[in-house]
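Read through the structure below, which is laid out as structure tokens, and then see the notes.
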Amino acid sequence: MEYVIEVENLTKSFGNNEVLREVSLKVKRGESYVVIGGSGSGKSVLIKCILGLIEPTSGVIKINGKDVAQLSQKELFKTRLKCAVLYQGGALFDSLSVIENVSFGLIYGLHVPQKEAYRIALEKLEAVDLDKSVANIYPAELSGGMSKRVALARAIATNPDIIFLDEPTTGLDPITSGIINDLIVRCTKEMGISAVSITHDINSLKHISDRVGLLFKGKIIWEGTNKELIATDDPYVVQFINGNLNGPFTATS
Amino acid sequence: MFAQMQIMVKYLVWRLFWLGDMILDRIGHLFIKFLCSIGSITLFSARAIVSGFMPPYYWKQIFHQAVQIGYFSLPVVGMTALFTGMAMTLQCYAGFSEFTAENAIPSVVMIAMTRELGPVLAALMVAGRLGAAMTAEIGTMKVTEQIDALTTLSVNSYKYLVFPRILTGTFLVPFLVLIDDIIGILGGYLVGVYYLNFNAANYIRNTLESMVTWDIVSGLIKGSVFGFVICLMGCYHGYFSKGGAEGVGRATTNSVVASSIMILLLDGVLTFVLF
């Protein structure tokens with residue numbers, strides 16, 4: 001079985017605060033893996049560690065079979081070109097127009113000529129159901145849903161192998177969330193991209209996940225397929241999915 | 001009674017030692033923090049400079065920063081220089097006229113503007129206008145994950161964000177200093193000739209006679225150093241800002257304060273070295 005991401009015994013501490021405790025997970029090529037968990041459980045830190053934005057305290061992270069810690073800066077940049085991220089707030093560059101944002105990775109990362117990069121960017125905007133007329137407007141003029149679509153277009157513009165989605169539907173109304181979920185599934189399945197997402201949104205989770213891992217106190221305590229998630233009687237999963245007040249999750253945990 | 005006094009003295013001595021220990025501890029802590037900051041700033045600037053000289057080069061970013069620093073700072077720098085030159089001439093006249101030394105005014109304005117006021121005022125204005133803007137912009141990019149986005153798009157954030165600013169700051173603040181010198185001297189001329197009724201030809205002759213190339217060059221050297229420091233502080237504080245809008249605000253204040261202090265401190269050091 002070919003894995004695009006392999007995380008083994010990943011631990012990350014900030015001072016005395018151990019955020020991740022020996023987390024292990026594997027993501028197959030073309031698979032959509034969703035990490036769920038309460039606020040502060042370490043989901044974002046996990047993704048940042050995989051991307052090399054935060055240095056782990058211990059453990060091994062492999063992307064496409066390469067140990068990230070062993071890579072030189074140049075190799076790390078090359079590996080990152082195969083990864084894309086859809087940030088929670090979009091993280092669009094305020095000073096650049098929509099088309100400049102979408103073509104940014106192509107021009108500065110892959111060194112594609114500007115004309116060609118703009119052509120690809122317009123294609124990607126179309127792929128996320130955005131009209132060409134938005135190309136020249138600035139992120140401040142976009143609605144939340146449109147920002148997410150532009151960010152998704154920017155993420156898929158470089159034809160990545162893996163896409164990381166950080167709470168892709170946060171702050172969106174249910175209909176826009178549904179549209180974004182649909183776009184994520186369509187883009188990842190059509191392009192054969194593996195996806196690692198973190199979300200609190202149960203609808204989104206059911207829609208976009210092939211496999212799910214529940215992170216609790218820095219440890220993955222449950223892992224299973226989308227179908228197993230619905231069928232399981234694990235008290236943690238049941239409480240999280242149903243949003244029950246009573247159960248192993250407490251306000252302090 | 002004696003025993004009680006002995007206990008009191010012992011207690012006072014103990015408290016004194018405790019206080020001394022606490023003060024030393026605090027001073028030591030601050031000193032270590034200061035050294036850490038210097039190390040961190042040095043590494044930050046080294047990373048930016050080394051990455052900036054490696055291809056590919058982001059010319060568009062460098063040009064954009066050049067316009068921001070060189071062109072858009074001109075009005076504020078020019079206005080400051082003009083009024084400083086004017087005020088200085090008036091102040092000198094009030095003092096010099098008592099000794100009938102009015103003829104020295106053009107020379108004093110010339111020397112003061114080129115050696116000190118030109119570089120320091122231009123730098124302080126740039127620190128207030130651009131240093132703050134740099135910190136706010138980079139800080140906002142940091143807290144909204146835009147810098148992370150740059151990294152994940154395989155773009156070196158030091159090379160893309162920091163180097164163009166440091167480079168243009170280092171080379172364009174001297175240009176602003178030169179403009180500042182010229183406008184400041186012009187301000188002095190306007191007040192001298194049109195308000196204090198100096199002879200225009202004499203004023204210009206006195207000004208030109210007191211012009212020394214090294215005064216101007218030293219001002220430009222100072223400008224270059226100040227430009228580097230302003231942009232470095234602006235980028236550094238923005239890059240390491242945290243804690244949302246409040247954190248960015250705090251970083252912006254720190255950046256302007258640090259730049260201003262550094263400008264005045266380095267002005268003293270450079271004056272000592274250059275003259």
| task | Examine whether an atom of A:Asp166 lies under 4.5 Å from a heavy atom of chain B, and if so say whether it belongs to the side chain, the backbone or both; otherwise answer neither. | result | side chain
| task | Between chain A and each of B:Thr152, B:Asn156, B:Thr144, B:Thr140, count heavy-atom pairs under 4.5 Å; write down the option with the most. | result | B:Thr152
| task | Check each atom of A:Leu51 against the heavy atoms of chain B and say whether the ones under 4.5 Å are side chain, backbone, both or neither. | result | side chain
| message | Less than 4.5 Å to any heavy atom of chain A: does that hold for the side chain of B:Leu150, its backbone, both, or neither? | response | both
| field | Student check: side-chain heavy atoms of B:Ser73 and B:Met125 closer than 4.5 Å | value | no
| remark: Cut-off 4.5 Å, heavy atoms of chain A, and the answer for B:Thr151 is both
| request: Before accepting this row, confirm whether a basic side-chain N of the pair A:Glu31/A:Arg211 lies closer than 4.0 Å to the acidic partner's carboxylate O. | output: yes
| message | With a 6.0 Å cut-off on the ring centroids, do A:Phe164 and A:Tyr87 count as close? | response | no
| For A:Phe93, is it the side chain, the backbone, both, or neither that has a heavy atom closer than 4.5 Å to a heavy atom of chain B? | both
| task | Could you have a look at A:Leu76, A:Val85, A:Leu81, A:Thr79 and say which one has the most heavy-atom pairs with chain B under 4.5 angstrom? | result | A:Leu81
| query | When the ring centroid of B:Tyr158 is compared with that of B:Phe163, is the distance short of 6.0 Å? | reply | no
| note | Whatever's closer than 4.5 Å to a heavy atom in chain B on A:Leu110 counts as neither
Without placing hydrogens or testing angles, list every side-chain donor-acceptor pair under 3.5 Å for residues 16-26 of chain B, not counting sequence neighbours.
none

| query | Between B:Lys159 and chain A, which part of the residue has a heavy atom less than 4.5 Å away: side chain, backbone, both or neither? | reply | neither
| message | Regarding A:Arg119 and A:Glu116, does a basic nitrogen lie under 4.0 Å from an acidic carboxylate oxygen? | response | yes
| Do A:Ser177 and A:Thr169 have a side chain donor and acceptor closer than 3.5 Å? | no
